[in-house]
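Just so you know, these numbers come straight off a predicted model, no measurement behind them. Naming: A, B, ... by sequence-line order, numbering from 1 per chain.
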Amino acid sequence: SQKIEQNSEALNIQEGKTATLTCNYTNYSPAYLQWYRQDPGRGPVFLLLIRENEKEKRKERLKVTFDTTLKQSLFHITASQPADSATYLCAPHTGRRALTFGSGTRLQVQP
Amino acid sequence: DSGVTQTPKHLITATGQRVTLRCSPRSGDLSVYWYQQSLDQGLQFLIQYYNGEERAKGNILERFSAQQFPDLHSELNLSSLELGDSALYFCASSVDPVGSYEQYFGPGTRLTVT
């Protein structure tokens, strides 16, 4: 069955460093991959969408890569700030079924 | 502000009862999705409607049902409530029928079953 894996352990980094979060998927071939941010008790907020023919996408301090051979996406936040502390969800998507989210990785940026 | 509204924000009810959660999508969005998020759990997809028709079904219990009305707002009905139904329920909307574009989430309804 389709499976999405995100590191369940929290990622703790110092302010100003680059945070790198990983999303691995198995048993399907997504045409798109989306990343969302979720703060406690609030709805997820869309960040970036990358298509299978795009290797990398950037938006301000965010960068996403999509490696269909490794079945992996990496999500980078450069010059991280305490305000970046949140849970980040990935959602690989085939374009044929409803979106399925990974369980998320909690990022904690220490001042 | 995502443009998606959900009411009520909080709901406390007893086991065995029935409740209705309401969602208004972003202007122009035809798809509405419902998700359940229990404490410390991931987002579980329940059901999707597109322009009034059921489009996709996820892990939705038979005690739960939903519909999308002609004005595109949607309601999620939860009946015979159990303690385990306590969770945050999110509604999201998007422009397309297959979720290829970003989804915009509402603030959620926190349901507590006592």
Side-chain angles (χ1 to χ4, degrees), chain A residues 1-10 21 23-25 28-54 57 59 62 64 66 73 75 86-106 108, chain B residues 1-7 9-10 21 23-26 29 31-50 54-60 66 86-112:
Chain A
S1 62
Q2 296 177 353
K3 194 173 178 182
I4 304 167
E5 292 181 353
Q6 292 188 259
N7 195 340
S8 58
E9 291 187 16
L21 285 70
C23 174
N24 295 301
Y25 55 90
Y28 67 126
S29 299
Y32 318 87
L33 196 143
Q34 301 186 24
W35 283 89
Y36 289 76
R37 167 187 173 138
Q38 186 175 26
D39 291 286
R42 309 193 70 162
V45 175
F46 171 77
L47 296 174
L48 281 168
L49 181 153
I50 186 167
R51 293 180 166 79
E52 61 179 337
N53 60 349
E54 298 174 313
K57 199 153 192 180
K59 178 183 175 183
L62 310 180
V64 171
F66 190 8
S73 175
F75 177 81
T87 296
Y88 292 85
L89 311 171
C90 75
H93 184 45
T94 61
R96 293 190 296 275
R97 296 180 61 186
L99 206 60
T100 302
F101 288 86
S103 56
T105 297
R106 190 161 61 88
Q108 188 68 39
Chain B
D1 183 3
S2 66
V4 177
T5 61
Q6 288 187 250
T7 56
K9 284 188 178 179
H10 302 277
L21 312 183
C23 167
S24 291
R26 234 170 40 121
D29 285 354
S31 270
V32 170
Y33 309 79
W34 286 98
Y35 294 87
Q36 178 192 58
Q37 188 171 41
S38 302
L39 192 64
D40 294 330
Q41 297 293 311
L43 276 170
Q44 298 296 318
F45 168 68
L46 296 178
I47 197 164
Q48 178 203 356
Y49 280 81
Y50 178 75
E54 182 183 303
R55 176 78 187 186
K57 224 169 187 177
N59 300 321
I60 188 166
S86 296
L88 264 170
Y89 290 85
F90 290 107
C91 161
S93 72
S94 72
V95 296
D96 69 307
V98 295
S100 302
Y101 293 87
E102 59 268 32
Q103 293 186 17
Y104 293 87
F105 282 77
T109 293
R110 183 175 294 279
L111 174 67
T112 302

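- Using modelled atom types, no side-chain atom of B:Tyr104 and backbone atom of A:Val45 make a donor-acceptor pair closer than 3.5 Å.
- Most heavy-atom pairs under 4.5 Å with chain B: of the set A:Pro44, A:Gly43, A:Ala91, this distinction falls to A:Pro44.
- Here the shortest heavy-atom pairing between A:Phe46 and B:Gln103 reads CB-O, 4.0 Å.
- With rounding to the nearest 0.5 Å, the separation of CD in B:Glu102 from CG in A:Leu99 is 11.0 Å.
- No part of B:Arg55 comes within reach of chain A, as not one of its non-hydrogen atoms sits under 4.5 angstrom from that chain.
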Verify side-chain contact (heavy atoms from CB on, under 4.5 Å) between A:Arg42 and B:Phe105, making sure each step is shown before the conclusion.
CA-CA 9 Å; A:Arg42 309 193 70 162; B:Phe105 282 77; over 6 Å; no
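- Only the side chain of A:Leu89 comes within less than 4.5 Å of a heavy atom in chain B; its backbone stays farther off.
- The side-chain heavy atoms of B:Tyr35 and A:Phe101, taken from C-beta on, include a pair separated by under 4.5 Å.
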Could you give me the CA-CA distance, side-chain angles and deciding distance for B:Phe90 and A:Gln38, then say whether side-chain contact (heavy atoms from CB on, under 4.5 Å) is met?
CA-CA 12 Å; B:Phe90 290 107; A:Gln38 186 175 26; 3.7 Å; yes
